[in-house]
Amino acid sequence: MKQRAPWQRTHTCGELSLAQKDRDVVLNGWIENHRHHGQLIFLDLRDRYGVTQIVVDQEAKGLAAGTFDTVRRLGAEDVIAVHGRVRARDADKQNKNRSTGEIEVLATAVTVFTEAETPPFEILDKAEANEELRMQYRYLDLRRRPLQEAMAKRARFVTAIRNYMAEHRFLDLETPILTKSTPEGARDYLVPSRVHPGKFYALPQSPQIFKQLCMVAGLDRYYQIARCFRDEDLRADRQPEFTQIDLEMSFVEEHDVLDLVEGMVVHGMREGFGIELPQPFPRFDFEEAMETYGCDKPDLRFEMKLIDCTELARRSSFKVFAGAVELGGIVKGICAKGAAEKFSRKGIDELTAFVAGLGAKGLAWAKVTAAGLEGSIAKFYEGDKAKELCAHMAAAPGDLLLFVADQKRVVHKALGDLRLKVGGQLGLRDPKQFRCCWVLNFPMFEWNDEKQRWQFAHNPFSAPVDWSVQDFTRDTAQIRSRAYDFVMNGWELGSGSIRIHRPALQAKVFEFLGISPEQQRANFGFLLDAYKYGAPPHGGIALGVDRLVALALGRDGIRDVIAFPKTSMAFDLMADAPGGVSPEQMAELQIASTAKRPG
RNA sequence: GGGGGCGUAGCUCAAUUGGUUAGAGUACCGGACUGUCGAUCCGGUGGUUGCGGGUUCGAUUCCCGUCGCCCUCGCCA
């Protein structure tokens with residue numbers, strides 16, 4: 001039988017109920033609250049599992065000598081052991097808000113492990129202190145129930161993912177944290193090498209190349225809950241280090257990866273958060289997503305699709321419409337169901353300003369009534385024309401129609417963002433609803449205006465949809481890659497592709513982008529070499545764990561679901577990192593700082 | 001790198017056109033209290049108004065700089 005020290009808990013603070021009535025128990029935990037009534041003291045004792053009320057009664061039989069005086073001096077966040085007996089509470093003394101509210105523990109003795117100074121902020125469910133202070137004392141913030149729950153659910157989710165991956169024959173393989181800098185992509189975090197003076201490791205932006213090498217190695221199915229590092233400016237949904245579910249599979253095509261990941265996400269959401277995702281996840285061609293939703297990461301919690309009105313507009317007496325079409329542009333609209341009454345003239349002016357900020361020249365609008373249309377385009381659409389337009393837009397009385405006429409890119413950007421804004425204002429973006437989809441066949445290259453050259457849209461290893469493409473200079477913008485994104489509620493949560501596994505094709509892609517054979521060798525030489533020795537066709541994906549957990553828990557940012565996050569200046573307020581190092585350390589690494597104001 | 005917001009007691013906030021000794025709630029400390037559960041009641045401690053400078057008879061308030069936090073554009077293959 002297992003040894004238990006006298007002070008060690010027999011139960012947690014969340015598990016006692018009438019089932020343990022009259023049992024002698026020991027609880028360990030933090031004092032959340034204390035209420036003094038002279039000869040009677042109540043303590044709320046908290047641990048990860050819950051809160052149990054402790055009663056210390058000076059008159060109680062069996063109360064150890066001195067205990068009452070000890071307890072009288074205790075305060076919030078002191079850590080104690082309570083010895084006592086479980087007692088049923090009278091009906092009028094029960095606390096219905098607590099799972100342990102039907103019982104309490106009548107103390108016989110108390111052991112004080114540590115007394116706590118008054119914390120810089122109170123440990124309450126509702127975060128009352130500002131985030132800066134809470135990050136500085138993160139270990140106190142983490143005591144709060146919402147964060148404890150977030151951490152527990154995140155851990156449960158990750159465990160579910162691991163189980164799922166193991167069941168599907170994936171090997172959890174570790175890849176280097178100290179690796180090599182590559183010029184493309186995000187800025188690297190660098191680590192100086194002591195034994196190679198003047199040389200640096202880079203922390204991985206992702207395990208991309210290593211996981212592909214695992215495929216060349218014949219390991220067949222790789223996954224890792226991998227930490228990734230990117231030295232770019234932060235946002236609410238971006239931290240300098242973040243976690244990905246990274247995976248790669250051999251001898252597969254898109255649907256193999258998509259099917260597997262779909263199952264994984266469904267399993268993880270169910271086991272981790274109790275969320276049932278509607279299946280199957282729709283799969284959109286990139287082009288289709290852009291045409292229908294105006295963006296490559298559609299929020300499918302509501303419809304309000306972009307409807308092409310270019311042909312109707314072409315023969316319109318409304319010059320803005322006809323004129324835009326004449327200049328090679330398009331006209332599209334959205335129909336906000338039942339929204340006519342929810343948007344005043346002022347509300348629509350605000351939407352107009354919104355799309356203007358996105359590059360649109362204006363916003364044409366109409367409210368649908370039983371009699372016809374009202375609004376900026378009403379006089380151009382009367383009688384049958386109004387009916388025709390409404391039929392085309394599938395609009396009914398009470399609906400609000402919004403149109404943008406411009407070049408395709410502008411229309412999609414403006415209406416895509418407008419759709420999200422209007423959907424949000426109509427309460428259609430319910431954080432408790434979860435809708436996933438896939439977007440496939442992204443453009444392979446995109447034009448970088450600043451650098452005046454083509455660059456990878458996804459990553460350098462994504463295969464073109466058409467294997468036989470020989471000349472990337474022709475119709476470059478039309479070339480599609482076998483890249484896919486996983487999207488939930490309008491958030492891009494994952495990105496992957498079927499890779500190039502033929503060295504000749506890979507070299508051609510690099511060549512097109514102006515990466516010289518020397519640079520190729522220097523940066524990716526080991527991958528290109530590896531491909532010479534028999535690379536299987538393969539593909540994979542990486543999913544952002546932090547974003548996924550934040551979304552599942554309805555949090556606005558990922559800091560809430562990371563135990564020890566950094567500020568938007570990539571600073572760790574608790575650890576005070578980054579920090580200075582001694583001249584000796586610098587000398588040993590043979591590096592010097594050119595910073596004007598060190599530290 | 002650009003734009004916006006915030007910074008006053010341990011914490012959350014208030015303070016009139018620039019005007020007396022910078023207030024309140026809470027926490028904390030002391031006291032009362034045997035059924036509370038964010039206990040209640042009485043009393044008390046607690047301030048470099050982020051930091052530096054300027055304007056002024058006088059600055060929490062106005063101006064300049066600086067630091068920190070948050071949001072955002074650029075950036076994030």
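Scope of the values below: all heavy atoms of this structure, side chains included, with no hydrogens, waters or symmetry mates.
With a cut-off of 3.5 Å on both Watson-Crick or G-U wobble distances, the partner of B:G18 is given as none. Pair check for B:G43 finds B:C29; Watson-Crick or G-U wobble, both atom distances under 3.5 Å.
Under the 6.0 Å cut-off for aromatic ring centres, A:Phe284 and A:Trp438 do not qualify, their centroids lying 6.0 Å or more apart.
In this structure, the aromatic ring of A:Phe121 is not positioned over the six-membered ring of the base of B:C11 within 5.5 Å between centres and 30° between planes.
Using the six-membered ring where Trp is involved, A:His501 and A:Trp467 have ring planes that are perpendicular, over 60° apart on the 30 and 60° scheme.
Among the protein residues, A:Arg230 comes within range of the sugar-phosphate backbone only, with heavy atoms under 4.0 Å from sugar or phosphate atoms but none that close to a base. Note on A:Pro120: only backbone sugar-phosphate atoms sit closer than 4.0 angstrom, heavy atoms only; bases stay farther off. Heavy atoms of A:Leu133 sit under 4.0 angstrom from primed sugar atoms or phosphate atoms, though from no base atom. Within the 4.0 angstrom heavy-atom criterion, base atoms lie near A:Gln53.
Between A:Thr118 and the phosphate of B:A27, there is no side-chain N or O to OP1/OP2 separation shorter than 4.0 Å. The phosphate of B:U12 has OP1 or OP2 within less than 4.0 Å of a side-chain N or O from A:Asn130. A sub-4.0 Å separation between OP1 or OP2 of B:C69 and a side-chain N or O of A:Arg134 is absent. Between A:Arg235 and B:C73 there is a side-chain N or O to OP1 or OP2 distance below 4.0 Å. Between A:Arg559 and B:C71, a side-chain N or O to OP1/OP2 separation shorter than 4.0 Å is present. Between A:Ser568 and the phosphate of B:C69, there is no side-chain N or O to OP1/OP2 separation shorter than 4.0 Å.
Atoms CD1 (A:Ile515) and P (B:A77) sit 14 Å apart, rounded to a whole Å. As a whole-Å value, the separation of A:Asp417 CG from B:U72 P is 14 Å. Counting to the nearest Å, the C1' atom of B:C73 and the CG atom of A:Leu358 are 12 Å from each other. For A:Lys126 and B:C11, the NZ to P distance is 16 Å, given to the nearest whole Å. Rounded to whole angstrom, the span from the CG atom of A:Asp125 across to the P atom of B:C37 amounts to 17 Å.
To the nearest whole angstrom, the two C1' atoms, one in B:A24 and one in B:G46, are 14 Å apart. Distance noted for atom P between B:A59 and B:A22: 13 Å (whole Å). For the C1' atoms, the distance linking B:G5 with B:C37 amounts to 39 Å, nearest Å. Atom P of B:G35 sits at a distance of 48 Å from the matching atom of B:C71, rounded to the whole Å.
Screening A:Phe210, A:Phe510, A:Tyr531 for a ring pair (Phe, Tyr, Trp, His ring centres under 6.0 Å) with A:Phe524, the sole residue that qualifies is A:Phe510.
Scanning residues 76-106 of chain A for heavy-atom distances under 4.0 Å to RNA chain B yields A:Arg87, A:Arg89, A:Lys93, A:Gln94, A:Asn95, A:Arg98, A:Glu104.
Comparing A:Asp57 and A:Ala236 by the nucleotide of RNA chain B that holds the closest heavy atom to each, the one mapping nearer the 5' end is A:Asp57. Mapping A:Arg187 and A:Glu132 onto RNA chain B by nearest heavy atom places A:Glu132 closer to the 5' end of the strand.
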